[in-house]
Amino acid sequence: MTRRIFHIANAALAIAFWLFYGLKCDGTMHGIEGDSLFLFTGQFACEMLGRDGGLSNWLGAFLTQFYYYPLLGSALMGLLLALLAEGVARFCKSDLTLPLALLPSMACAILLLDPKWTPALPVALCLCVWMAYAVSRIKVLWIKMVCAFAAALFAWFKIIDCQFYTYAVAPVKTYYIVFAATSLICAVSAVIPQKKMKWIPSIATVLIAAVFVMAAPRKVDKLQEEIADYSYMVRMRDWDGILVRAKGGRLSSPLSANAVNLALAMKGRLGEDMFNYYQNGIRSLINFEERKISSEILYLLGFVNEARHLAFEDMAGNPSRDRGVYHLTRLINFNAVDSLRLPIAQRYLNTLHKTLFYRHFEPEQLVCPQMEPSDDFFFNFGDFCQMLGFLYNQRPQNERVRDYFAASLLLEKRTSVFSSFFGESDYCPKSWKEALQITKSLNGEGTAPELQEYVDKYTACHGNAGGMGRFSRTYWYYFNFR
């Protein structure tokens, strides 16, 4: 009865992890998949397996590629965690220690909710547990001793010493605590004599499973998940999805605002709708500290050289020290714009075609050479507004740059400069009209007839915090209160 309850609890935890990780952490999974690379070539396998912890790294990368479909990737990880728990349970002679077999897989599941931990962790644990179980089944003593020595050497060099964390400063202590705890559970379970118990192990198993179900949601970083969602949708050019995700207007970080403003620009609605969403200075347009989204923004505006620069820096600075599929797709798109750099794009493309889910990838055609600067100038990352002005002067037909340049002037509250550039423009969306009205008011000029009633209502509410809420989605409100 106890064994049956254990198997039910193990299957339930695997299913819970599958649904929770696949549905609630899909953005994080896409981000992990984008930063990893698995090639179906002998050279890649030999290179990976030749490193310390190579078997765990290779199998971990193999599993990570299925994060392309979050529900599929989380299902495979759920099966791996269930297999780990089953392997530990094989050492349990007594029903009393059987609930402890769930602890290693639960620890791995909770750690995997942090995107910095890689699937190499549960892979390494699972390989070691099942290898130890296989050695324990050998009956001849001298053969068992030889196999145990060989298995220990192999595990240390090719399994345990793996890349379980994507950052250079890894929590090695946590990693070895999980390994030591798993080894201790297996050792203690193997020496405690067989003893049948009816209810205590069953209750303990259910309680352990319940603790995991309650603890797992608290481990998820909602802000990081939001950013990962927006980053993935920018990568997939899902502009409508970004705007649906941002419905309500409140954004939790500048990176979220970057994605939303880019989506509005790509839909031709930046001037009309940008102040329907929370804005806070020029960082709402671009944040160069995050190279993924900022390189995409520069590329889609026409700053292809600078986008290529940031994308290559991002790839070179990848914490896992490897290229990822997202790094390759960006470099392919950014290099394919320039006919002289097509051989470079083709080299990256040849690599990408050796993957499972990107073998049919082709460069996109969202940017043409006519959108790039006609004359060279030094790109100052510290003054993005000025760079937009340089490009707009050279390529006034580039509507994305026009909208971004206007938005940058509005966000920096430089209404007089804005009026000098766009005061006579035939295209005049909502935020532009409001900005031009501010300039007229500051210069002592009259109010445009179509705005008179609206200006009167705003003036009447000015200074009344309760009444100003109805104008929170106007440039006037941003100009005066942010």
Subject >> Trace of the salt bridge (Lys or Arg N to Asp or Glu O under 4.0 Å) decision for Asp238 with Arg245 >> reply: CA-CA 11 Å; Asp238 185 7; Arg245 178 77 164 77; over 6 Å; no
**OP:** Grab the two heavy atoms, one from Ala85 and one from Leu102, that are nearest each other, plus how far apart they are.
**Re:** CB-CD2, 4.3 Å
Original post:
How about Glu399: does its CD atom have over 12 heavy atoms from other parts shown lying under 6.0 Å from it?
Top reply: no
**OP:** Indicate whether the side chain of Glu372 and that of Asn305 have a donor and an acceptor atom separated by less than 3.5 Å.
**Re:** no
**OP:** Mark yes when over 12 heavy atoms from residues, nucleotides or ligands other than Phe379 sit less than 6.0 Å from its CZ; otherwise mark no.
**Re:** yes
Subject >> Asn57 (side chain) donor-acceptor with Cys162 (main chain) under 3.5 angstrom >> reply: no
**OP:** Enter the distance from Asn280:CG to Leu285:CG here, rounded to the nearest 0.5 Å.
**Re:** 11.5 Å
Original post:
Under the salt bridge (Lys or Arg N to Asp or Glu O under 4.0 Å) criterion, do Arg90 and Glu86 qualify, and how do the steps go?
Top reply: CA-CA 6 Å; Arg90 295 295 178 96; Glu86 180 62 31; 3.1 Å; yes
**OP:** Calculate, to the nearest 0.5 Å, the distance between atoms CD and CG belonging to Gln163 and Leu121 respectively.
**Re:** 12.5 Å
Original post:
For the atom pair CD (Glu47) and CG (Leu49), what is the distance rounded to the nearest 0.5 Å?
Top reply: 10.5 Å
Original post:
Taking the six-membered ring for Trp, is the centroid-to-centroid distance between Phe40 and Phe44 below 6.0 Å?
Top reply: no
Subject >> Thr329 and Leu352: CA distance, side-chain angles, deciding distance, side chain to side chain contact (heavy atoms under 4.5 Å, CB included) verdict >> reply: CA-CA 8 Å; Thr329 55; Leu352 200 62; 3.6 Å; yes
Original post:
Any Lys/Arg nitrogen of Glu296 or Arg237 sitting under 4.0 Å from an Asp/Glu carboxylate oxygen of the other?
Top reply: yes
Output side-chain donor-acceptor pairs under 3.5 Å for residues 16-27, partner residues at least two apart or in another chain, one line each.
| from | atom 1 | to | atom 2 | distance (Å) |
| --- | --- | --- | --- | --- |
| Trp18 | NE1 | Leu71 | O | 2.9 |
| Tyr21 | OH | Leu112 | O | 3.3 |

Subject >> Phe381, CZ: over 12 other non-hydrogen atoms inside 6.0 angstrom >> reply: yes
**OP:** Look at atom CG of Asn350 and say whether more than 12 heavy atoms of other residues, nucleotides or ligands are closer to it than 6.0 Å.
**Re:** yes
Subject >> Interatomic spacing from CD1 in Ile242 to OH in Tyr230 - rounded to 0.5 Å >> reply: 8.0 Å
Subject >> Electrostatic pair Asp403-Arg269, nearest N-O below 4.0 angstrom >> reply: no
Original post:
Does atom CZ of Arg137 have more than 12 heavy-atom neighbours, drawn from other residues, nucleotides or ligands, at distances under 6.0 Å?
Top reply: no
Subject >> Distance-minimising heavy-atom pair for Ala263 and Leu243 >> reply: CB-CD2, 4.1 Å
**OP:** Specify whether Phe334 and Tyr299 have parallel, tilted or perpendicular ring planes, treating 30° as the upper limit for parallel and 60° as the lower limit for perpendicular.
**Re:** tilted
Subject >> From OG (Ser56) to NZ (Lys158), nearest 0.5 Å >> reply: 10.5 Å
Subject >> Heavy atoms from other residues, nucleotides or ligands near CZ of Phe157 exceed 12 (cutoff 6.0 Å) >> reply: no
Original post:
Short question: side chain of Asp314, backbone of Leu310 - any donor-acceptor pair under 3.5 Å?
Top reply: no
Subject >> salt bridge (Lys or Arg N to Asp or Glu O under 4.0 Å) partners for Arg308, two or more places apart >> reply: none
Original post:
Would you call the rings of Trp58 and Phe62 parallel, tilted or perpendicular if under 30° counts as parallel and over 60° as perpendicular?
Top reply: parallel
